[in-house]
Amino acid sequence: MSPNASVVATQNVTVKITPNDKGNPPGKLADAEIHFVDGVFAGLKLIGFAIWERRTGAGRNVTFPARQYSVNGERRSFALLRPIADTNAQDTLRDLILSAYAEYEQAA
């Protein structure tokens, strides 16, 4: 773990925050990883989360892992983590990541 990283643990997962010290791209505050500590995913991590300052300056946003592809020269994105039925299911994970970042900021 880098000296700048912060880890926040819950019952089933750990959120690892790595700050964006370079300031590039503008508005990106940190990267986040989800480390699984229980169940069939124990010992694995899911990378590709990013914490961003909102363009309006009010609040923060989390982007989820995605794969980019092209259709007729247009770049599109395919979300790798999607809800099964409840479209609000991602909100719990988004809130956990934002909470972990808030804890990181308080500790810094």
Side-chain angles (χ1 to χ4, degrees):
M1 180 178 348
S2 78
N4 303 11
S6 175
V7 175
V8 175
T10 68
Q11 185 178 10
N12 299 319
V13 297
T14 300
V15 179
K16 178 183 170 192
I17 302 292
T18 305
N20 181 22
D21 295 333
K22 299 175 185 168
N24 194 16
K28 184 176 179 184
L29 301 171
D31 289 303
E33 299 177 352
I34 305 298
H35 294 209
F36 298 94
V37 295
D38 192 19
V40 297
F41 291 114
L44 298 173
K45 65 181 175 180
L46 182 58
I47 63 171
F49 298 92
I51 302 159
W52 299 82
E53 191 71 45
R54 288 192 191 270
R55 291 182 184 167
T56 61
R60 304 215 163 103
N61 187 37
V62 176
T63 55
F64 282 61
R67 175 166 286 157
Q68 291 187 344
Y69 64 98
S70 284
V71 173
N72 298 327
E74 180 184 341
R75 292 191 92 166
R76 296 184 183 181
S77 184
F78 178 81
L80 298 174
L81 185 63
R82 297 182 284 170
I84 295 171
D86 180 9
T87 57
N88 296 319
Q90 291 179 333
D91 293 343
T92 303
L93 184 55
R94 181 176 283 113
D95 292 343
L96 177 66
I97 292 170
L98 289 173
S99 174
Y101 185 73
E103 287 185 33
Y104 162 77
E105 280 186 312
Q106 288 177 355

| said: Who clusters with I47? Use side-chain heavy atoms, under 4.5 angstrom, across I, L, V, M, F, W and Y, and order the result by chain and number. | reply: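 In the cluster with I47 there is nothing else; it is isolated.
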
| request: Give the other cluster members for V71, using side-chain heavy-atom distances under 4.5 Å between Ile, Leu, Val, Met, Phe, Trp and Tyr residues; answer none if it is isolated. | output: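 Traced through the cluster, V71 reaches Y69, F78, L80.
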
Where do [X] and [Y] come nearest, in terms of heavy atoms and distance?
X   : Y   : answer
I34 : F49 : CG1-CE1, 3.5 Å
P19 : A30 : CA-CB, 3.8 Å
D86 : P83 : O-CB, 3.1 Å

Is any side-chain heavy atom of [Y] closer than 4.5 Å to one of [X]?
X   : Y   : value
V37 : V13 : no
R60 : E53 : yes
V62 : D95 : no

Measuring from [X]:[atom1] to [Y]:[atom2], what's the distance to the nearest 0.5 Å?
X    : Y   : atom1 : atom2 : result
Y104 : L98 : OH    : CG    : 15.0 Å
H35  : N12 : NE2   : CG    : 15.0 Å
I97  : T92 : CD1   : OG1   : 11.0 Å
L81  : F64 : CG    : CZ    : 6.0 Å
E103 : I17 : CD    : CD1   : 9.5 Å

| Can you name the residues that form a side-chain hydrogen bond (donor to acceptor under 3.5 Å, both in side chains) with N61, not counting sequence neighbours? |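 Residues passing side-chain hydrogen bond (donor to acceptor under 3.5 Å, both in side chains) with N61: none at all.
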
| task | For the pair F36 and F41, name the ring-plane relationship: parallel under 30°, tilted 30 to 60°, perpendicular over 60°. | result |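 Taking F41 first and then F36, their aromatic rings sit tilted (interplane angle of 30° to 60°).
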
| query | Should W52 and V15 be counted in the same cluster of Ile, Leu, Val, Met, Phe, Trp and Tyr side chains packed under 4.5 Å apart? | reply |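 As far as the 4.5 Å side-chain criterion goes, V15 and W52 are not connected within one cluster.
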
